[in-house]
Asks: 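The structure follows.
Lettering of chains follows the sequences in order, A, B, ..., and the numbering in each one begins at 1.
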Amino acid sequence: MRQLLDRQIVDSVGRLVGKVDDVEFAVGDDGVAYVHALLSGPGVLGARVGGRAGRMLVLAAERFVTDRPMAPVRIPFALVERMDSAVRLRVPAEDLPASPVEEWLRRHVIARIPGAGRASG
Amino acid sequence: MRRLLAGTLGILSAVGGFVDIGDLVAASQAGARFGMAHAWVLLLGVVGICAYAEMAGRIAAVSGRAVFDLVRERLGARVALLNLLASYLVTVLTLAAELGGVALALRLATGVPYLVWVPVAGLAVWLVLWRMRFQLMERVFGLAGLALVVFAVALWWLPTDWAELGRGVLRPGDGGQGWGAYWFVAVALFASTVSPYEVFFFSSGAVEERWSAADLAAARSGVLIGFPVGGFLALALIATATVVLHPAGVSVTSLDQVATPVVVAFGAVGLAVAAIGFFAVTFGAALETGLSAAYAAAQYFGWQWGKRVRPREAARFHTVLLVSVLLGVLVLLTTVDPVTLTEYMLVVSAVVLPLTYLPILVVANDRTYLGDRVNGRWLNLLGAVFLLVIVAASVAAVPLAITTGLGR
């Protein structure tokens, strides 16, 4: 569990997806709890951090979404290929739900600046 | 041959990355007020930053992860968030001070008021970050920053009493200004030497340039030669200020005064070379602090970051970058004096130093990331002793600043 929380999540081609901000448990037929999904997003992170800092984080992030409370990006644990210094997924980032804040900023800010489609290297 | 060239360029960028507006102001002030009495602080700072930059570079090369990417895993989400907030504020404050330095250097070269140059400098910094290749950016400004060698040359040109300088190094005194002011200047100079953003940038830059374990030797020589050469430039600033400004009883409150020694030695040509040097080191540091602020945020939250991906695929990273540069410009447009801003920035930097350096020492001893390339016993001893110095500086910074009224 401690090995999992706060780890970097990396997709199948090395892109950074987010951190493991929280995890979701399920209980199997044998009554033993297991990690069912990884959760990533400022909503769950803020809730876990708690206090004023956590609340401010949630409020700041919720400015970018319409449906509140904001849902985290949910990654089924079955998509995890292996874990070393990061949690590596067996799928590319396109196959996962996108972060709403990233989407909003891309659409309204960054993609509007000339040259946004070309890496400077 | 190509490796040798790359190594040399790595050293150059370390030199350029070391000296910034903080060093220009703090070193000059130290020399003008206390002569050579703070030379030991530079030596201490250079040894410390070499040790910690080597650790940060090794962590990046072996694990492929920037140090602050790992801070959250080691310290937990809550502590790391507070660390991020403090580091971000200090880095943006530093960015503002560097932008102010760029504007002052341009004023020195053109005579046009610096406030006119502030938005221009902000836009130029952002454009370079948006479009210029990472390595090119590092090398251009690192190389141009070497123009500051003019201060060392001036020292030979001026009628310098070398024996007197040496005595000043070996027998530090408070110069009749009080030990409170002496220690305040020592803390400010120390903070300028080991600025937190230097290691932020160094470790993230190593990941951007895709260092691997094979690059460790080159990285080490870059650190062990580049930072001491940067320290030598800062020492030259102290020494020229000691020779020219100290006897005249001038206290440095502007960038013009920092340039005075080379103007005395070489006239208008000296001023032009100094202005180029000032411009290059402050502009280079503005780029580094801007990136560092965005690196810190992106690495805490796990966002895609860096200059190697298309900006539209790292929208959050580039938004933080843009906002940070804007904040820096806004701070300056309040018409706060850039030199005063630098003095405050150094005090705040000193306070947060442990937040940057402690995690490096922790991660550099973690076998899950570094395997058998963890710190050796001697490096740990050096790191621990240096950490004590950092904590002392951090604790002393605010009381010294208040009791001495920023050292005055």
Asks: Nearest 0.5 Å, what's the CG-CG distance between A:L79 and A:L96?
Replies: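 The distance works out to 6.5 Å.
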Asks: Under 4.5 Å, counting heavy-atom pairs only, tell me which of B:F134, B:Y300, B:W303, B:F317 racks up the most with chain A.
Replies: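 Highest number of heavy-atom pairs under 4.5 Å: B:Y300.
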Asks: Is it the side chain or the backbone of B:Y369 that comes within 4.5 Å of chain A heavy atoms, both, or neither?
Replies: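 Just the side chain, heavy atoms under 4.5 Å.
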Asks: Please confirm whether the backbone N or O of A:G18 pairs with a side-chain atom of A:S40, one donor and one acceptor, at under 3.5 Å?
Replies: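 Such a contact is absent between A:S40 side chain and A:G18 backbone.
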Asks: Does any backbone or side-chain atom of A:S99 lie under 4.5 Å from a heavy atom of chain B? Answer side chain, backbone, both or neither.
Replies: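 Answer is side chain: those atoms of A:S99 sit under 4.5 Å from chain B.
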Asks: May I ask you to decide whether A:K19 forms a salt bridge with B:D69, counting only side-chain N to carboxylate O separations under 4.0 Å?
Replies: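 Result for this pair is yes, salt bridge flagged.
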Asks: Please check if any side-chain donor atom of B:Y88 sits under 3.5 Å from a side-chain acceptor atom of B:S324, or the reverse.
Replies: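 Yes.
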Asks: Measure B:T319 against the heavy atoms of chain A and call it side chain, backbone, both or neither at under 4.5 Å.
Replies: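 When you check distances to chain A, atoms from both the backbone and side chain of B:T319 fall under 4.5 Å.
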Asks: Checking B:A314 against chain A: side chain, backbone, both or neither under 4.5 Å from a heavy atom?
Replies: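 It is the backbone, since no side chain atom gets that close.
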Asks: Can you tell me which of B:P311, B:S63, B:G64 forms the most heavy-atom pairs within a distance under 4.5 Å of chain A?
Replies: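 The residue among B:P311, B:S63, B:G64 with the greatest pair count is B:P311.
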Asks: Checking the side chain of B:R72 only, and the main-chain atoms of B:G76 only, is there a donor and an acceptor separated by less than 3.5 Å?
Replies: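 No: the side chain of B:R72 does not pair with the backbone of B:G76.
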Asks: Which atoms of B:Q299 come close to chain A, meaning under 4.5 Å heavy atom to heavy atom: side chain ones, backbone ones, both, or neither?
Replies: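 Answer is backbone: N, CA, C or O of B:Q299 sit under 4.5 Å from chain A.
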Asks: Only pairs of heavy atoms separated by less than 4.5 Å count here; which of B:R65, B:H318, B:M132, B:E208 has the most with chain A?
Replies: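 Of B:R65, B:H318, B:M132, B:E208, B:R65 has the most heavy-atom pairs under 4.5 Å with chain A.
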Asks: Taking A:A53, A:G115, A:A111 one by one, which has the highest count of heavy-atom pairs under 4.5 Å against chain B?
Replies: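 The answer is A:G115.
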